[in-house]
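So the structure is just underneath, and the comments pick up after that.
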Amino acid sequence: MLDKTLSPASFEQRIYEGWEASGAFGADPGSAAPPFTIMIPPPNVTGSLHIGHALTFTIQDILVRWRRMQGRDTLWQPGTDHAGIATQMVVERLLAGQGVDRREIGRDRFLDHVWEWKGQSGGNITRQLRRLGASLDWPRERFTMDAGLSEAVRKVFVTLHRQGLIYRDRRLVNWDPKFQTAISDLEVESREVKGSLWHLRYPIEGEPGRFITVATTRPETMLGDTAVAVHPEDARFRDLVGRHAILPLVGRRIPIVADEYSDPEKGSGAVKITPAHDFNDFAVGKRHGLPLPSVLDADGRITLEEIEGDLAAVENLADPGFVRGLAGQDRFVARKAIVAELERLELVAAIEPHLHAVPHGDRSGVPIEPRLTLQWYCDAATLAQPAIKAVESGQTVFVPRHFENVFFSWMRDIQPWCVSRQLWWGHQIPAWYAPDGSTFVAETEEEALAEARAKLGPEVTLQRDPDVLDTWFSSALWPFSTLGWPQQTPELAKYYPGDVLVTGWDIIFFWVARMMMMGHHFMGDVPFRTVYIHGLVRDEKGQKMSKSKGNVIDPLELVEKYGTDALRFTIASLATPGRDVKLGPKRVEDYRSFGTKLWNAARFCEMNGIGPDPAFDPATVTTPLGRWLLSTADAAVAEATAALEAFRTDDYASACYRFVWGSFCDWFLEFAKPALNGPDGPEKTEIKGVAQHVLGLILKLLHPVMPYVTEELWDRFGYGPDYSLIRQEWPRPAVVAGAEAAKAELDWVIRLITEVRGVRAEMNVPPSVTVPLLVSGASAATLSRADRWLDVIRRLARATEIRPLEGEAPRGVAQIVVDEATILLPLADVIDIAAERGRLAKERARLEGDADKVAAKLANQDFVSRAKPEVVEENRERLATAKAEIARLDAALARIGD
RNA sequence: GGGCACUUAGCUCAGCGGUAGAGCGCCUCGCUUACACCGAGGAUGCCGGCGGUUCGAAUCCGUCAGUGCCCACCA
């Protein structure tokens, strides 16, 4: 016997282990079955499952389980990401707690610590994925820093370098002063900051008492100014172009140049140019051949090294002690000091409060410093071209489609990708330098050395580039590196390109775009055919979840409390493509009842001896109830399948919900009760056969979204060997003989019962009162129908009997119209005649309003001549039906008397 | 500044050219032998505003307004 209540905790773990042990998740490259491939977006190896994971992996698992049931050779490729900065940060913090600084212990020992940490916490996320029910092909699990993937990374780097698509360049990068590394444009986020706009007066050379005022938000960088720019058309400054200003504090003579970058509307109309600390100024500096002195070091502290010459030359112009004293000061401390000093010198013309966007490191949270350094870059613009074409031509399609615009707009204006990071945890760049500065890029040190020796002589020694690659560099290779590339494996041949990539819109640029680039370049084909973009999970109020807000939902807590299936069903129901999902415990609690409903329906079946019957053949079903259920089930299968094909897990969940709850439980099981309670016979046997058949079908239909409870029921009922539902064939819609007639008949019964219930409720007839149904004006077919369904109608409509009305209607009746028949409920004792008359009149008015609208439509010549014929016909029928019903209501009103 | 999305029942959202839908919530009734995480019944909408296209618009086009987001921008 099934327990009275559904308790997911009692079987979830056992079932998952059963599946995994049976190899049900495994792909088989040797099989003839067509593949279905999803590459997991690799979570951080040391991370733990958050609600966003629950969303993306639930969607993926639904697709995977469904395709597997459809007979596809399914590969859901698992793995984890080394997550360079994030992981290094965690371990650094851990060590700091023990009083250890990574710089003290050195690179090798630090990396030992990171590997140790990975060993300790690396299993968390995969254990949690198992709890979610994710049917990943675990034996194929990969890690972005395992030997194979590292080989792929080196191969790609070397190849792109040979092709000129990876190169080293000295230019401004986004420098994160906290992590002391370069980061890519994508890792920078703008934050609105309340600051000030300082108007500084720079003296004009040779004209004592005359100044040019520049406006800046960053006075501390003035030490590195090498020009002042004004707009060429700006009359205010025309006579100053070509002359020089004297940089205060430093005394450097800097040219006043005309450049269109300067905006006369902004600030004072003149702008200081600091080429080494501002991206725009860098471009201006290049145009005018200006020097590029850096005045901030890796920590974001003032350094005077590169302006020593200036200082030495002109020390008489300022207080040398002040400038010297700035050396080593933090940039924000220096800002205050410089402003104070300039104020003292009366060189501050104005200070305006100013709200502006300041770039911050997305992980460090500190303001980013543009800094002139030597880094490795990838020529993304070139790699982007085929990727753009692939989306344009539909080789890869985004779902929903409008995300293609997001993809295009970024890809068409893509900047060189800075791929080097000044970190230790990651793929060390395979580049070696000789003492003379020559660079050797090779997959191994031996190769690099051999090359160097050939070129520079046998004595040469090489030093490896200490930097590592951006984590997303290895992620970009994920769709083929996990399959064994650069080796030509059977997996690579069969599972590339993948079918679907499922991910959130927040990493289209970071990951999707880069996989598109690398996949196309190295495999000659796109990495996936479809990119399914889902939203982000927010709390019930639509707020972003964050630790600081304290509104973070732990998916494992929800699993603990409501069961995995409830969480999965909730997510599936709420996930509309591309839209954010508002989720809270309440929603999961609501959807949990669906699993309970299924459980209880199954219990009912069990109690009535309904169970697997291999001999049952749907084609032999003759009862209207059986045929109705089978055809309704088929419609649900068709709907669910179409929804999954369109990546609509919400529609899929809703189709299942409506069929199971609305059709199977509310009507079929209720209709089946009289037969099930009655004596054995062919009808009872058939109803039981249909019930077990459709219960099995329901379990299959729901399995992708609620794998645990369906598998448990499958096993408990003995539909197949243990843990075999996962391998069952996905149901196909079938043609059911006599489906139309059965539907007409059942619809009639359902309407009759619903109408009777309605009028009873409205007349406040207590459920304990049962009444006869007197039928007037019914056809012979209707009377025989009523007879056939007598037991059901008596039970569900609280009726004593159904018989034709003979002679005059009794006094005090409530009346309902079902098709051609009018049903009278004699309720002399309880009925309020006036209320009944009012009810009928209201119904008549509603119908008349309806009829008038339709009649007006049909009177419109344009409508009749231009609308589709079937629409016109449909309206004619509607009018006729309404009119007939009005006539019957008139009769009913007459019957009721005064 | 450029772009995208959204605005439908109290709440959360489907629907995207032919009679306005679901879940939850709410109201009334009910322990009818699967289920109170239940059953039966009910109320609730100028489908953001204004124009246009169409025989017909919640659905298509334009426009305005509000909301959210992405990209750019340390004068």
Side-chain angles (χ1 to χ4, degrees), chain A residues 2 4-6 185 190 193 195 197-199 214-218 221 229 261-263 265-272 277-281 352 354 356-359 367-368 370 400 402-403 405-406 409-410 413 505-506 508-509 535-536 540 542 562 566 573-574 576 578-584 586-587 589-608 648 650-651 654 657-658 665-666 669-670 673 677 753-754 757-762 764-768 795-796 798 850 853-854 857 860-868 870-872 874-875 878:
Chain A
L2 296 177
K4 183 131 202 268
T5 50
L6 164 63
D185 298 348
S190 292
V193 170
L197 187 59
W198 286 274
H199 293 250
V214 297
T216 180
T217 56
R218 303 210 55 195
T221 64
Y261 163 66
S262 181
D263 182 347
E265 306 291 317
K266 276 188 183 171
S268 61
V271 59
K272 69 197 236 355
H277 296 289
D278 181 286
F279 286 95
N280 289 312
D281 292 5
E352 295 174 55
H354 187 62
H356 61 143
V358 178
I368 288 306
H402 70 255
F403 281 105
N405 295 331
V406 178
S409 65
W410 189 67
D413 184 35
W505 46 257
D506 53 329
I508 291 177
F509 303 147
L536 269 46
E540 293 108 319
Y562 304 110
S573 299
L574 299 180
T576 309
R579 294 195 60 160
D580 288 351
V581 174
K582 289 178 197 164
L583 185 71
K586 179 67 172 59
R587 309 302 299 274
E589 192 183 326
D590 292 344
Y591 281 105
R592 169 184 56 173
S593 48
F594 179 62
T596 310
K597 186 73 180 178
L598 173 68
W599 184 260
N600 281 309
R603 273 185 77 221
F604 176 79
C605 290
E606 187 188 41
M607 288 166 66
N608 283 280
R648 292 300 299 258
D650 53 340
D651 290 344
S654 135
Y657 188 100
R658 278 180 285 117
C665 294
D666 287 348
L669 290 182
E670 293 302 327
K673 278 176 184 173
N677 290 338
I753 293 168
T754 307
R757 281 170 171 172
V759 74
R760 287 181 57 115
E762 207 162 336
N764 288 317
V765 181
S768 53
R795 184 187 157 81
L796 299 181
R798 315 286 305 151
D850 219 42
K853 252 166 60 184
V854 179
K857 218 176 200 181
N860 182 344
Q861 262 315 307
D862 284 333
F863 172 72
V864 177
S865 59
R866 298 198 196 195
K868 279 178 281 184
E870 59 267 32
V871 173
V872 177
E874 190 192 313
N875 276 276
R878 203 190 301 163

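Note on naming: letters A, B, ... go to the chains in the order of the sequence lines (proteins, then strands), and numbering restarts at 1 for each one. Worth saying up front: this structure is predicted, and the values here are computed from it rather than measured.
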ask   = Whole-Å distance between B:C13 P and A:R658 CZ?
value = 19 Å
query = Take atom NZ in A:K673; do more than 12 heavy atoms of anything else shown fall under 6.0 Å from it?
reply = yes
key: Distance, rounded to the nearest Å, where A:R579 contributes CZ and B:C13 contributes P   = 6 Å
note = When both distances are under 3.5 Å in a Watson-Crick or G-U wobble arrangement, the nucleotide paired with B:C46 is none
Atom-pair distance (CG on A:D666; P on B:C38), nearest Å = 11 Å
ask   = When the distance from CG of A:D862 to P of B:U53 is rounded to whole Å, what number comes out?
value = 14 Å
request  = For nucleotides B:U28 and B:A43, find the distance between their P atoms and express it as a whole number of Å.
outcome  = 15 Å
key: Any strand: nucleotide that pairs with B:U28 via Watson-Crick or wobble, under 3.5 Å   = B:A40
ask   = Within the structure shown, what part of the strands sits under 4.0 Å from A:H199 by heavy-atom distance: base, sugar-phosphate, or nothing?
value = nothing
ask   = Are the side chain of A:S262 and the backbone of A:G269 linked by a donor-acceptor contact shorter than 3.5 Å?
value = yes
message = Using only modelled atom types and a 3.5 angstrom limit, is any donor from either the side chain of A:E670 or the base of B:A34 paired with an acceptor on the other?
response = yes
query = Which is true for A:H356 with a 4.0 Å heavy-atom rule: it touches a base, it touches only sugar-phosphate, or it touches nothing?
reply = base
request  = Find the distance A:E874:CD to B:U19:C1' and express it as a whole number of Å.
outcome  = 8 Å
d(NZ, A:K597; P, B:A34) in whole Å = 11 Å
inquiry  = Does A:R592 reach a base, just sugar-phosphate, or nothing at all? Heavy atoms under 4.0 Å.
reply    = base
ask   = So which nucleotide does B:G56 pair with, by the Watson-Crick or G-U wobble rule with both distances under 3.5 Å?
value = none
inquiry  = Need the pair for B:C13. Rule: Watson-Crick or G-U wobble, both distances under 3.5 Å, any strand; none if unpaired.
reply    = B:G21
inquiry  = Work out how far the P atom of B:G1 is from that of B:C60, and round it to whole angstrom.
reply    = 28 Å
ask   = So what does A:D650 hit on the nucleic acid, given a heavy-atom distance under 4.0 Å: a base, only sugar-phosphate, or nothing?
value = nothing
note = In Watson-Crick or G-U wobble terms, with both distances under 3.5 Å, the base opposite B:A5 is B:U67
request  = Report yes if a donor N or O on one partner sits less than 3.5 Å from an acceptor N or O on the other, where the partners are the side chain of A:T596 and the base of B:C35; otherwise report no.
outcome  = no
Rounded interatomic separation in angstrom, taking OH from A:Y657 and P from B:C37 = 14 Å
query = Rounded to whole angstroms, how far apart are CZ on A:F863 and C1' on B:G17?
reply = 13 Å
message = Under 4.0 Å, heavy atoms only, any strand: does A:K272 hit a base, just the sugar-phosphate, or nothing?
response = nothing
query = Touch check for A:D263, heavy atoms < 4.0 angstrom, all strands: base, sugar-phosphate only, or nothing?
reply = base
inquiry  = Please classify the nucleic acid contact of A:L796 as base, sugar-phosphate, or nothing, using heavy-atom distances under 4.0 Å.
reply    = nothing
